[in-house]
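First the structure, in the form of structure tokens, and then the observations on it.
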Amino acid sequence: MAKSRGHIIVEQWFKSKNWKWAAFQKEASAAYLNGKSGLINAPTGSGKTYSLWIPILIRHINALPEKPLKTRKGLQVLWITPLRALSKDLLRNMETACLEMNLSWEVGIRTGDTATKERTRQKKQMPDALIITPESLHLLFSQKNSSEVFKNLHTVVVDEWHELMGSKRGVQTELALARLRNINPELQTWGISATIGNLNEAMQVLLGMKFKEENAVIIKADTNKKILVESILPEKVETLPWSGYMGIRLADKVVQIVNQSNTTLIFTNTRAQSEIWYRTIIEKYPEFAGIMALHHASLDREIRDWVEEALHNEKLKVVICTSSLDLGVDFRPVDTVIQVGSPKSIARFVQRAGRSGHRPGVTSKIYFCPANALELIEAVSLREGVVNNVLEDRPPVVHAFDVLAQWMITLAVGEGFDEQQLFEEVSDAYGYQYINRQEWEWLLGYITTGSPSLTVYDEYKKVERIDGRYVVKSRRIALRHVLSMGTIVSDTTLRVKFQHGKYLGAVEESFVTKLKPGDVFFFAGMSVEFVRIHEMTVTVKKAEGKKGFLVSWAGSRMALSSQLSSFIRERLASSIENPTHEKELAKLKPLLELQQERSIIPQTSELLIEQCETREGYHIFIFPFEGRLVHEGMSILLAYRLSRLKPITFSLAMNDYGFELLSDQYVDMKEIMKETALFSTEHLVDDIYHSVNATEMAKRKFREIASIAGLMFQGYPGQHIKTKQIQASSSLLFTVMSKYEDSNLLVNQAYQEVLTYQLEEIRMRKALDRIATQKIIIRKTIKPTPFSFPIMVDRLREQLTSEKLEDRIQKMLKQYSNAD
DNA sequence: GACCTGCTGCGGGCTG
């Protein structure tokens with residue numbers, strides 16, 4: 001490739017910093033300077049920011065006239081980041097590079113944190129480059145002069161694109177990009193992404209449907225990042241429980257590793273789990289006070305900032321965290337990462353491993369601490385995934401009409417739009433490539449009249465059509481819209497603070513309603529006593545030494561990824577017949593032998609069904625090993641199909657490995673399997689819609705959709721509306737819209753989201769297809785097996801409180817040992 | 001030989 005002048009300057013800059021001028025940086029610079037767009041796939045800490053930022057500056061310098069222009073050109077570069085927290089670091093880096101290149105470029109930040117003064121300044125004169133979140137970018141489009149603001153924009157960079165793409169925030173970004181390309185067809189768009197399974201698709205989503213292929217490139221960093229995976233093993237497999245997800249039994253071993261390391265991050269799957277680990281370690285090893293910290297999303301921002309800072313300055317030995325530290329600033333001191341419990345996907349595991357050895361060429365090491373015995377299989381599977389570099393896809397969100405409705409109103413609040421033009425523009429976005437006129441007309445109706453069933457209510461008439469343009473005239477409507485933009489919908493939370501005023505974090509309404517004054521709970525790594533609740537704030541005081549219950553949050557459970565599940569199926573199948581030398585499997589051997597003895601371990605060509613009878617009734621266990629969401633869908637499907645043969649009701653339970661149908665009647669699976677296609681994919685969707693309370697599931701989903709689409713105003717800042725009220729009004733809207741309209745796009749979307757995300761329809765179909773080719777093995781067991789026991793416990797847990805659960809498990813224990 | 005489940009992320013006018 002011929003070296004351009006710009007290319008040489010970039011190269012010199014890298015050399016002057018004594019940095020290795022890596023192949024991907026060369027490639028990216030050259031492609032950018034040649035006017036291309038694309039995607040850069042490089043690990044964090046590899047200098048990928050500079051591989052774009054420096055060429056951008058060069059391009060600017062080259063374009064400078066001899067005499068500098070008197071008037072500034074305004075905004076030329078947008079740098080989109082999913083995390084506010086990343087913006088300050090970026091700003092520093094970018095400004096430093098400007099200084100080094102002797103260029104008086106101004107770089108600014110525009111996020112929710114940006115002060116009013118700075119906003120006003122930006123309104124008068126935008127900086128040359130702006131670091132921004134997708135939400136703030138949408139807010140810029142709600143201003144009257146937005147096309148003027150973006151007139152001279154020539155480059156947009158989307159950082160951590162893999163992180164945005166799979167969510168509705170990604171769709172927001174797609175829509176904004178489509179608009180920016182419309183304003184300036186020459187716009188160069190670059191994405192920066194970690195490695196995911198569908199990189200090509202990621203680029204397509206970023207660049208939109210009309211992008212010319214010859215102008216796009218994917219640039220992969222050829223960094224052989226080494227990742228070492230080591231399991232933390234118990235002396236005996238008996239140490240590990242059959243079921244359970246906390247993993248604290250191996251706390252001593254974990255502490256040993258922490259002690260041998262400089263700085264350790266311990267990743268847990270839930271906030272409650274991180275609190276348990278903190279409490280367990282501090283009780284057993286009081287010397288960790290002061291050098292151990294907690295980090296999760298419900299802790300106060302100030303505390304989290306302190307933890308991040310202390311981690312950076314090597315003041316902390318260990319931090320116990322959740323996904324809250326998956327991304328974010330470089331923590332160079334971290335040399336060890338421990339994952340407690342299944343990470344559920346290989347990509348997440350790799351991402352977390354990368355938090356250690358955060359420099360090019362340095363090996364990352366991650367320890368896996370299994371939380372129950374069967375997770376030893378996952379340990380082996382994870383390692384296999386890492387070695388073979390198998391990573392999950394991030395499927396982009398499509399047909400999100402709620403996000404589109406919001407976007408249309410945003411534009412109407414801003415400069416207004418011509419519907420034909422906007423329709424063209426929106427079809428350029430990957431997520432709306434198949435949108436048709438009928439859907440579009442419905443959306444136009446929705447934003448102007450509030451959909452056919454709501455026409456009598458004025459508050460849903462938001463947008464007016466004036467001289468062919470769709471605009472929002474009312475100040476009040478504009479204000480309320482701007483106050484509720486974005487796609488992240490959360491429950492109402494209450495802030496927790498000490499009497500003397502220090503804020504600890506936030507808990508959910510549903511948790512607080514259980515509390516009485518004097519109750520003690522464990523939160524933010526300490527025991528606190530509930531004092532009172534006033535104006536959405538929970539006041540507490542220290543309760544040293546007292547034991548209390550643990551804060552719980554209503555989140556969602558992550559399901560095992562299909563890539564990881566398939567490794568697990570294979571590992572299990574070969575565990576007995578072709579045992580490998582993996583030490584994890586050696587540990588697990590006694591348990592697998594017990595499974596083999598009481599039932600079987602299925603080969604990959606087999607589907608195992610276990611049936612047994614206990615005092616609770618007749619159990620059917622089925623083990624597709626497909627992750628809990630698919631199992632949820634399958635259990636619903638099977639329960640429905642069985643109930644059509646004869647009237648029968650089941651209670652359902654599931655985990656990542658299998659599911660249970662429990663009834664007070666015996667079902668002869670062998671007979672039924674002969675006659676009925678229980679696992680057929682035929683009428684799958686119909687059966688599911690008939691079977692479950694699909695309406696209930698859709699209703700719950702609808703709450704988020706209605707919020708995003710602007711049907712429910714969540715209140716002015718500082719003034720809160722209770723979750724219950726929001727839930728009630730969304731459920732009312734759902735009922736009205738379903739009843740009086742045949743094809744309400746938002747209601748349909750709710751059903752679609754239930755199928756796609758809650759029940760993982762596509763994956764379920766694949767699994768059912770696989771089952772169709774498998775041999776069904778039905779085993780009657782006298783006692784629950786290592787496979788089935790955890791599912792039973794799971795069901796009990798949902799029905800009973802924890803004390804009662806303990807009693808029940810004791811009873812079960814007695815019952816089954818008596819049978820011996 | 002069997003206990004502790006529930007991730008992350010953003011944003012908020014106008015006027016004088």
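So that the names make sense, note that chain A is the first sequence line, chain B the second, and so on, each numbered from 1.
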Pairs: protein N or O with nucleotides 7-9 of chain B N or O, under 3.5 Å:
from  : atom 1 : to       : atom 2 : distance (Å)
B/dC7 : OP1    : A/Arg271 : N      : 3.4
B/dC7 : OP1    : A/Arg271 : NE     : 2.7
B/dC7 : OP1    : A/Arg271 : NH2    : 3.2
B/dC7 : OP2    : A/Arg271 : NH2    : 2.1
B/dC7 : OP2    : A/Gly555 : N      : 3.4
B/dC7 : O3'    : A/Thr322 : OG1    : 3.4
B/dC7 : O2     : A/Ser323 : OG     : 3.0
B/dT8 : OP1    : A/Ala297 : N      : 3.0
B/dT8 : OP1    : A/Thr322 : OG1    : 2.4
B/dT8 : OP2    : A/Arg271 : NE     : 3.2
B/dG9 : OP1    : A/Arg304 : NH2    : 2.9

Rounding to a whole Å, what distance do you find between [X]:[atom1] and [N]:[atom2]?
{"X": "A/Ile276", "N": "B/dC4", "atom1": "CD1", "atom2": "P", "answer": "9 Å"}
{"X": "A/Ile708", "N": "B/dC10", "atom1": "CD1", "atom2": "P", "answer": "15 Å"}
{"X": "A/Gln273", "N": "B/dC3", "atom1": "CD", "atom2": "C1'", "answer": "13 Å"}
{"X": "A/Gln122", "N": "B/dG13", "atom1": "CD", "atom2": "P", "answer": "13 Å"}
{"X": "A/Tyr716", "N": "B/dG12", "atom1": "OH", "atom2": "C1'", "answer": "11 Å"}
{"X": "A/Lys168", "N": "B/dG11", "atom1": "NZ", "atom2": "P", "answer": "19 Å"}

Closest listed nucleotide, where the reference is the side chain of A/Val482 and the choices are B/dA2, B/dG13, B/dC10: B/dG13
Minimum-distance nucleotide (side-chain atoms of A/Ser136 versus B/dG12, B/dG11, B/dC4): B/dG11
Contact under 4.0 Å: A/Arg249 side-chain N or O vs B/dC3 OP1/OP2: yes
Any A/Arg480 side-chain N or O less than 4.0 Å from OP1/OP2 of B/dC14: no
Salt-bridge criterion met for A/Glu118 and A/Arg121 (N-O under 4.0 Å): yes
Note: A/Arg279-A/Glu275 ion pair, threshold 4.0 Å (strictly below): no
Worked check of side chain to side chain donor-acceptor pair (under 3.5 Å) between A/Ser788 and A/His619: CA-CA 10 Å; A/Ser788 66; A/His619 307 256; over 6 Å; no
Counting the atoms with a prime plus P, OP1 and OP2 as sugar-phosphate, which does [X] contact under 4.0 Å by heavy atoms, base, sugar-phosphate, or nothing?
{"X": "A/Leu139", "answer": "sugar-phosphate"}
{"X": "A/Arg119", "answer": "sugar-phosphate"}
{"X": "A/Gly244", "answer": "sugar-phosphate"}

Non-neighbouring partners of A/Asn655 that pass side chain to side chain donor-acceptor pair (under 3.5 Å), sequence neighbours left out: none
A/Arg304 backbone acceptor or donor facing A/Glu302 side chain under 3.5 Å: no
Nearest-0.5 Å distance, CD1 of residue A/Ile131 to OG1 of residue A/Thr111: 10.0 Å
Sole candidate of A/Lys168, A/Lys701, A/Arg700 that passes salt bridge (Lys or Arg N to Asp or Glu O under 4.0 Å) when paired with A/Glu753: A/Lys168
